[in-house]
Amino acid sequence: MMKNEKNIYYIGPNNLFDLNTTTIQDCVEYLKNKALIAIDIETTMKFNGKYGKREGLDPYLSNIVMFQVGDINRQYVIDYRYVDINPLKEILESNHIVKLGHNIKFEYKHILHNNGIKLNNVYDTMIVEQILFNGYSPKLGLKDLNEKYLGIEVEKATRLEFLTIGDKPFTKKQILYGAEDILYPLMIEKHQAEDIVRKDLSKCVSLEMLFLQVLGDIEYKGINFNTDIWENTYNNNKATYSTLEIELNKYILNSFKDTRFVDKQLNLFETGLKCSINWGSSKQVIDLFKYLEICPQEVSKSTKKLSYTVNATVVKASLKTMNKDIPETYKHLLDIYLRYKELEQCCTTFGIAFFKYINPITKRLHSNYKQILNTGRISSSNPNLQNIPSNDNFRRAFDAPKGYKIVNSDYSGQENICLANTSLDPDILNFYYEGHLDMHSYNAQKIYPELQELSLPEIKKQHPEKRQIAKSVSFALAYGGNGFTISNNLGVSPEEGENIYNAYFDAFPKLKLFFDESIKKSMNQGFIEIDPVTKRKFYFGDFDKLREYKKDQDWKRYYSLKGKYERACLNYIIQGAAGSITKLAAIFFRKWLNDNNLNDYIFITNLIHDEINLEVLENYTEIAARNLEDCMQRAGEIWCKTIPLKADAVITDYWTH
DNA sequence: TTTCGTGGCGCC
DNA sequence: AAAAGGCGCCACGAAA
């Protein structure tokens with residue numbers, strides 16, 4: 001069905017066109033018994049661009065201008081500036097009527113902000129597209145899907161007109177555009193529906209549609225942020241950082257006066273020498289270290305070539321190996337440089353630049369969450385709240401507002417327990433059955449026969465280096481590493497790396513079998529079934545390329561891509577199950593809040609993969625903590641049937657983890 | 001001036 | 001014949 005003006009009903013003042021006009025009551029009557037309706041809104045800047053690009057997107061900084069709602073036969077275009085949409089409340093909150101949209105988290109937040117209405121039973125064609133074509137890097141814009149499914153080209157200039165529309169009446173073109181924005185997603189849904197069934201992704205879609213509301217709530221509420229504490233941390237770091245920079249400069253001036261690393265200043269006011277190195281530039285520091293013949297090398301992740309590097313881990317390792325061969329003063333230089341680097345990110349990414357993310361209205365941080373990554377996990381941006389340094393100096397700034405407490409809960413050993421449950425390796429299961437806590441010592445004991453007679457605490461105490469090796473080995477292997485990886489990481493011979501690899505899998509033979517079969521299954525079917533509950537999938541989008549490389553005997557590319565896919569086969573099922581579990585836990589918790597009318601007292605403020613954070617009004621902390629743990633454990637039970645997944649909640653004054 | 005790729009590093 | 005998974009943000013520096 002194509003766009004048809006007869007199907008469009010306008011609700012608002014200024015009936016200037018030959019379009020049907022009607023009332024909000026008629027709209028309610030028409031929609032109230034439908035099973036599926038679509039909604040969309042157009043927004044405008046609220047403060048004339050005072051807050052930059054965010055205006056028009058951020059619910060606190062925008063106004064809704066147009067509100068579109070309808071089904072495939074009839075689309076209502078409402079002038080939100082003049083028409084109260086509250087009569088639609090029951091429909092929007094109904095659990096029986098599906099509200100469909102494209103990126104409907106946007107509508108969810110704006111309608112919540114402007115009308116206090118939380119959309120229920122939502123359905124998002126953008127999220128569905130991601131689920132259906134995960135791995136193919138699908139284009140997700142409504143424009144892209146219109147072209148793909150409907151063969152329709154929609155010009156987007158009209159959308160931009162809304163940003164600055166003010167109180168001007170709609171043009172006919174704008175009204176038609178508004179109607180299209182709900183008609184087309186409804187048509188796209190029909191095309192996607194078959195695919196969902198064919199690919200057995202209904203459960204995944206259901207989970208994500210519920211989880212969408214969780215993210216809507218989190219993004220809208222934001223998280224409390226104490227600028228004084230953050231700034232204090234910054235000032236402390238900055239002072240040391242500057243001191244170290246001066247020390248570095250002095251060192252160069254004293255020791256390398258006549259090199260290209262020192263500029264001679266010849267202006268009238270200053271005479272003397274100046275260190276020309278910008279220590280923040282890895283390129284310039286590499287240049288210096290090469291000159292001193294102390295620059296380590298590493299295979300670059302992007303170019304895959306052996307290149308010089310000042311990566312802190314690599315420099316530290318090289319410092320160890322070079323120890324006797326380099327002058328004391330070089331060691332001193334490297335030492336200062338490493339301390340300087342430690343503070344670099346603290347002063348930039350996690351410095352006062354962070355303040356730009358504070359919402360001018362709420363004074364809180366409202367991160368954007370990307371709902372579905374390849375593995376099924378989520379990501380956070382603007383700001384990224386998933387990579388705040390775990391150091392208290394930073395996390396103290398995420399404290400409780402007055403009258404509130406923070407509740408933090410995380411799964412203990414989430415990915416390890418997922419792996420134990422999917423692989424069912426008896427020796428891993430045994431670790432849990434016997435109630436051990438220290439997985440790395442346990443692994444060390446499995447790898448090294450000489451540790452057989454010791455207890456795990458004894459291993460930790462007497463053989464920390466063997467434990468450390470076991471830790472690094474199990475980490476590498478869970479992500480698809482092999483003997484070569486181990487030898488690289490530990491700086492041992494390839495033979496030794498191979499030995500450790502074999503010792504590890506000799507100790508966990510069922511794990512090896514599970515890994516081998518997972519790879520075989522996925523590589524045969526052309527996709528990874530990421531987890532058995534949602535049946536989320538990752539498709540090998542470049543599978544054709546793989547065949548091509550093989551045909552062309554381009555072995556370099558062939559093995560590179562093949563290896564990448566094989567590693568994904570292992571890693572995605574571990575990360576992915578964990579990701580879905582946390583999503584479901586948050587869904588359960590949101591439901592508990594709704595069922596018990598606790599939405600004004602308890603708020604989810606952040607999700608960090610295996611961790612859920614809340615802000616809770618003081619009287620509700622116990623009940624919130626207990627229920628959060630319960631929701632997390634109930635979600636865990638659905639995936640982890642053999643070894644239970646446990647969550648520990650703490651009630652604190654600031655983010656502690 | 002803006003845009004883009006890279007190296008580097010924070011988190012799980 | 002490659003060689004540990006998933007992200008996002010920063011500064012730099014070259015290209016546009």
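In what follows, chains are A, B, ... by sequence order, proteins preceding strands, each numbered from 1.
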Taking the minimum atom-to-atom distance to the side chain of A:Tyr559, which one of B:dG8, C:dA1, B:dG10 wins? C:dA1
C:dA3 C1' sits how many Å from A:Leu561 CG, rounded? 14 Å
Compare all side-chain heavy atoms of A:Thr534 with those of A:Trp639 and state whether any distance is below 4.5 angstrom. yes
Over all strands shown, is A:Val299 touching base, sugar-phosphate only, or nothing at heavy-atom distances under 4.0 angstrom? nothing
Side chains of residues 285-293 of chain A: which donor-acceptor pairs under 3.5 Å do they make with residues two or more places apart or in other chains?
residue, atom, partner, partner atom, Å
A:Asp287, OD1, A:Arg260, NH2, 3.0
A:Asp287, OD2, A:Arg260, NE, 3.3

Side chain of A:Thr309, heavy atoms from C-beta onward: which of B:dG8, B:dC12, C:dC12 has the nearest atom to it? B:dG8
Specify the separation, in whole Å, of atom CG of A:Leu306 and atom P of B:dT6. 17 Å
Applying a 4.0 Å non-hydrogen cut-off, can you work out what A:Lys356 is touching in the nucleic acid: base, sugar-phosphate, or nothing? sugar-phosphate
Please determine whether the number of non-hydrogen atoms from other residues, nucleotides or ligands lying under 6.0 Å from atom NZ of A:Lys545 exceeds 12. no
Sequence neighbours left out, what passes side chain to side chain donor-acceptor pair (under 3.5 Å) with A:Asp544? Give chain and number order. A:Arg547
With a 4.0 Å cut-off on heavy atoms, is A:Gly280 in touch with a base, just the backbone sugar-phosphate, or nothing at all? sugar-phosphate
What's A:Tyr357 touching, base or sugar-phosphate or nothing? Going by heavy atoms closer than 4.0 Å. sugar-phosphate
Measure the distance from CH2 on A:Trp279 to P on B:dG8 and round it to the nearest whole Å. 15 Å
If the cut-off is 4.0 Å, is A:Ser300 near the phosphate of B:dG7, judged by side-chain N/O to OP1 or OP2? yes
What integer number of Å spans the C1' atoms of B:dG8 and C:dA2? 23 Å
So does A:Lys139 pair up with A:Glu129, basic N to acidic O under 4.0 Å? no
We want to know whether A:Ser367 and A:Ser380 form a side-chain donor-acceptor pair, criterion being a heavy-atom distance below 3.5 angstrom. yes
Parallel, tilted or perpendicular for A:Phe538 and A:Tyr565, by the 30°/60° rule? perpendicular
Identify which nucleotide among B:dC9, C:dG13, C:dA4 has an atom closest to any side-chain atom of A:Lys283, counting heavy atoms from C-beta outward. C:dG13
A:Glu415 has an atom CD; how far is it from atom P of C:dA4, in whole Å? 17 Å
Applying side chain to side chain donor-acceptor pair (under 3.5 Å), can you list everything that pairs with A:Asn235, at least two apart in sequence or on another chain? none
When all nucleic acid strands are considered with a 4.0 Å heavy-atom cut-off, which category describes A:Lys564: base, sugar-phosphate, or nothing? nothing
Base C:dA3 to side chain A:Asn482, donor-acceptor N/O within 3.5 Å cut-off: yes
Contacting residues from residues 491-498 of chain A, given that a heavy atom lies under 4.0 angstrom of DNA chain C: none
Under 5.5 Å and under 30°: A:Tyr479 stacked on C:dG5: yes
Short side-chain N/O contact to B:dG8 OP1/OP2 from A:Lys341, under 4.0 Å: no
Give one of base, sugar-phosphate or nothing for A:Ala568, where a contact means two heavy atoms less than 4.0 Å apart. nothing
Calculate the interatomic distance between A:Asn393 atom CG and B:dG10 atom P; express it in whole Å. 15 Å
Please state how far atom CG in A:Leu570 lies from atom P in C:dA2, giving the value in whole angstrom units. 20 Å
Does any residue of residues 370-390 of chain A have a heavy atom under 4.0 Å from DNA chain C, and if so, which ones, in number order? A:Lys370, A:Leu373, A:Asn374, A:Thr375, A:Arg377, A:Ser379, A:Ser380, A:Ser381, A:Asn382, A:Asn384, A:Asn387
Most 5' of A:Thr348 and A:Gln575 on DNA chain C, judged by nearest nucleotide: A:Gln575
Look at all strands and tell whether A:Asn311 reaches a base, only sugar-phosphate, or nothing, counting heavy atoms closer than 4.0 Å. sugar-phosphate
When we call it a touch if two heavy atoms are under 4.0 Å apart, what does A:Tyr572 touch: a base, just sugar-phosphate, or nothing? sugar-phosphate
How about A:Glu208 and A:Asp124: do any of their side-chain heavy atoms sit closer than 4.5 Å? no
A:Ser282 has its side chain closest, among C:dC10, C:dA4, B:dG7, to B:dG7
With respect to A:Phe354, which candidate in A:Tyr234, A:Phe394, A:Phe225 satisfies the ring pair (Phe, Tyr, Trp, His ring centres under 6.0 Å) definition? A:Phe225
On a plain distance test, is the side chain of A:Asn278 in donor-acceptor contact with the base of C:dA11 below 3.5 Å? no
Separation of atom NE2 in A:His657 from atom P in B:dG10, rounded to whole Å: 17 Å
Is the shortest heavy-atom distance from the side chain of A:Asp58 to the side chain of A:His366 under 4.5 Å? no
Applying side chain to side chain donor-acceptor pair (under 3.5 Å), name anything that partners A:Gln414, two or more places apart in sequence or on another chain. A:Thr582
When all nucleic acid strands are considered with a 4.0 Å heavy-atom cut-off, which category describes A:Arg395: base, sugar-phosphate, or nothing? sugar-phosphate
Distance check needed: C:dG6 P versus A:Gln414 CD, whole Å only. 17 Å
Which value, in whole Å, describes the distance between the P atoms of nucleotides B:dT6 and C:dA3? 16 Å
Using a heavy-atom cut-off of under 4.0 Å over every strand shown, decide if A:Gln284 touches base, sugar-phosphate, or nothing. sugar-phosphate
